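Data first, discussion second: the structure below is written as structure tokens.
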Amino acid sequence: MRVEIWSDIACPWCYIGKARFTKGLAAFAHRDEVEVVFRSFELDPNSAKGTVAPVLEMLAKKYGRTLEEARGMEEHVAASARAEGLTYRTDGRDHGNTFDIHRLLHLAAARGRQEELLDLAYRANFAQERSVFDAEVLVALAVEAGLDEAEARTVLADDTAYAAEVRADEREAAELGANAVPFFVLDRRYGISGGQPAEVFTQALEQAWAGREVSEPAAADACDPAGACPAPQA
């Protein structure tokens, strides 16, 4: 079975959703026969490269809230992350264009190190004081993931490197009807949107493996293309 996951490093529900999916997959009897592929999805593809803003300021401006209200929104999301055993900082994070990160993730995929780099990038963005919008940080993460430093620098220096692969992923997401991330596709037959509970992923994998139609799960928290990443649903 093949599972494709469309996500963005800037999306907190993608960070949380990946952790939940990993737990759900671990409980699936045929987990060793599942290939997981990560696909590119930019929440804010029109943001200018090199323009970075603090997340709390971005949230306050976007939703017309005060900085304290924006911090409260972030704390709600952080609570969900921490419930999954994830570290989540609500202060000191940046927001910006993620196209270069996605290009580097495609290089990592070509070298068999995609998930390693993805996990490191999530950790840097949400848990550590390392800006994934800094080229030197991205190079360091690439090296930590097992990639060649010179090759990573070459890719980042060439805006066309792996650009077509990123755009192809995004076109496929649109064709599949993905209007929020994370978005999970099982064997190109079933789509699941949002950071579902781990048991929902396990059930979906079991149903797909048995050839049964996957039950439509309840709505789950996700980030939409407008960049909205709401606090947990009641």
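The structure displayed is predicted, hence computed values, not measured ones.
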I'd like to know whether CD of Glu129 has more than 12 heavy-atom contacts from other residues, nucleotides or ligands below 6.0 angstrom.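 At most 12 heavy atoms, drawn from other residues, nucleotides or ligands, come within 6.0 Å of this atom.
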Using ring centroids (six-membered ring only for Trp), state whether Phe41 and Phe183 fall under 6.0 Å. no
[X] versus [Y], closest heavy-atom pair with distance:
| X | Y | value |
| --- | --- | --- |
| Ala220 | Ser193 | CB-O, 4.0 Å |
| Arg65 | Ala70 | CB-N, 4.4 Å |
| Ala142 | Leu104 | CB-CD2, 4.1 Å |
| Leu205 | Gly24 | CD1-O, 4.3 Å |
| Ala27 | Thr202 | CB-OG1, 3.8 Å |
| His106 | Val166 | CD2-CG2, 3.7 Å |

salt_bridge([X], [Y]) N-O dist < 4.0 Å:
| X | Y | result |
| --- | --- | --- |
| Arg71 | Glu75 | no |
| Arg2 | Glu33 | no |
| Arg123 | Glu144 | no |
| Glu151 | Arg111 | yes |
| Arg103 | Glu165 | no |
| Lys49 | Asp159 | yes |
| Lys62 | Glu57 | no |
| Glu172 | Arg188 | yes |

Closer than 3.5 angstrom, by distance alone: can the side chain of [X] be matched with the main-chain N or O of [Y] as a donor-acceptor pair?
| X | Y | result |
| --- | --- | --- |
| Gln114 | Phe38 | yes |
| Asn125 | Ile9 | yes |
| Gln203 | Pro217 | no |
| Asp187 | Met1 | no |
| Arg31 | Leu25 | no |

For a quick check under 3.5 Å, do [X] and [Y] share a side-chain donor-acceptor pair by atom type?
| X | Y | answer |
| --- | --- | --- |
| Glu42 | Thr98 | no |
| Arg93 | Tyr88 | yes |
| Asp169 | His102 | no |

Check: [Y] and [X] side chains under 4.5 Å, non-hydrogen atoms:
| X | Y | result |
| --- | --- | --- |
| Val36 | Val34 | yes |
| Val214 | Arg189 | no |
| Glu116 | Leu147 | no |
| Cys223 | Pro12 | yes |
| His95 | Asp44 | yes |

If hydrophobic clusters are built from ILVMFWY residues whose side chains come within less than 4.5 Å, do [X] and [Y] share one?
| X | Y | value |
| --- | --- | --- |
| Leu56 | Val132 | no |
| Val200 | Val185 | no |
| Phe184 | Phe28 | yes |
| Tyr122 | Leu141 | yes |
| Leu105 | Phe133 | yes |

Which word best sums up how the rings of Phe21 and Phe201 line up, parallel for under 30°, tilted for 30 to 60°, or perpendicular for over 60°?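 Rings of Phe21 and Phe201: perpendicular, over 60°.
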Spacing of [atom1] belonging to [X] relative to [atom2] belonging to [Y], to within rounding of 0.5 Å:
| X | Y | atom1 | atom2 | answer |
| --- | --- | --- | --- | --- |
| Arg20 | Leu86 | CZ | CG | 9.0 Å |
| His76 | Asp221 | NE2 | CG | 12.0 Å |
| Cys11 | Phe126 | SG | CZ | 6.5 Å |
| Ser131 | Glu136 | OG | CD | 12.0 Å |
| Leu43 | Asn97 | CG | CG | 11.0 Å |
| Asp94 | Thr51 | CG | OG1 | 12.0 Å |

Could you go through Thr154 and Asp158, starting from their C-alpha distance and side-chain angles, then the distance that decides it, and tell me whether this counts as side-chain contact (heavy atoms from CB on, under 4.5 Å)? CA-CA 6 Å; Thr154 297; Asp158 178 3; 5.6 Å; no
Take Lys18 and Leu118 through the test side-chain contact (heavy atoms from CB on, under 4.5 Å) and record every step on the way to the result. CA-CA 10 Å; Lys18 182 180 183 298; Leu118 181 64; 3.8 Å; yes
Given Val155, which partner from the list Asp100, Leu107, Leu138 fulfils the side-chain contact (heavy atoms from CB on, under 4.5 Å) test? Leu107
